[in-house]
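To start, the structure under review is shown below, and the notes come after it.
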Amino acid sequence: SQQGEEDPQALSIQEGENATMNCSYKTSINNLQWYRQNSGRGLVHLILIRSNEREKHSGRLRVTLDTSKKSSSLLITASRAADTASYFCATAVNTDKLIFGTGTRLQVFP
Amino acid sequence: NAGVTQTPKFRVLKTGQSMTLLCAQDMNHEYMYWYRQDPGMGLRLIHYSVGEGTTAKGEVPDGYNVSRLKKQNFLLGLESAAPSQTSVYFCASSYSRPAWDEKLFFGSGTQLSVL
């Protein structure tokens, strides 16, 4: 079964609005990573948060991590049409693997 | 640098045919992975390698084989293709363990249809 589950599955917003997507996972992790996938393309790494961190920022991205609830959220502020993509969380446990969630499809309308 | 390159980009097979997908990376990464992506399922790990000459099973290894004869290349083989293997296949690589805060670099994918 999937380690990570994103919520919502799909999200539609207007340019300028904020977009929030959530990720829940099942087991203890070393870190949690967020990736972006434009239609028909490979995934691109956005941000990594370690298990001992609670919040991390990168430009318009803010990621939070709550290990007690086994959940993370990705906030994109002041969304742009170019942010339209699918977003995936991925968890790294104490193995050699990175396990991905099911993704959130974000549509940003101009 | 080219990064991670997958060939071919598209392929159509008939049930029972075989094929090999090639992944090449020029970043001197130790770890390489093959994922498949299906609608509503996210990415699922098929096989991976932690170094030249090594391979290991992921979440969905049945029906696939892999080889890592050279550090820069990771091959995914389908011996007898089935319609259930219709999917988009992604190769990825990382310098070392993701658990050690390493990120993955992805290829652009191979769209495979099995009729």
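Proteins get letters first, then strands, A, B, ... in listed order; numbering begins at 1 in each. Everything numeric in this text was worked out from a predicted model, so none of it was measured.
In this structure, A:His45 and A:Tyr35 have perpendicular ring planes: the angle between them is above 60°, well past the 30° mark.
With a 4.5 Å cut-off on side-chain heavy atoms, A:Leu43 and B:Leu43 count as touching. Between B:Tyr48 and A:Thr95 the shortest side-chain heavy-atom distance does not fall below 4.5 Å.
Heavy-atom pairs under 4.5 Å with chain A peak, among B:Phe90, B:Phe106, B:Trp100, B:Tyr31, at B:Phe106. Heavy-atom pairs under 4.5 Å with chain B peak, among A:Arg41, A:Gln9, A:Glu6, at A:Arg41.
B:Gln111 does not touch chain A: none of its heavy atoms, backbone or side chain, sits under 4.5 Å away. For B:Leu45, the part sitting under 4.5 Å from any heavy atom of chain A is the side chain, from C-beta outward, and nothing else. With a 4.5 angstrom heavy-atom cutoff, A:Asn31 touches chain B only via side-chain atoms.
Aromatic ring centres of B:His29 and B:Phe105 lie closer together than 6.0 Å.
Shown here is A:Arg80, whose CZ atom has no more than 12 heavy atoms of other residues, nucleotides or ligands within 6.0 Å.
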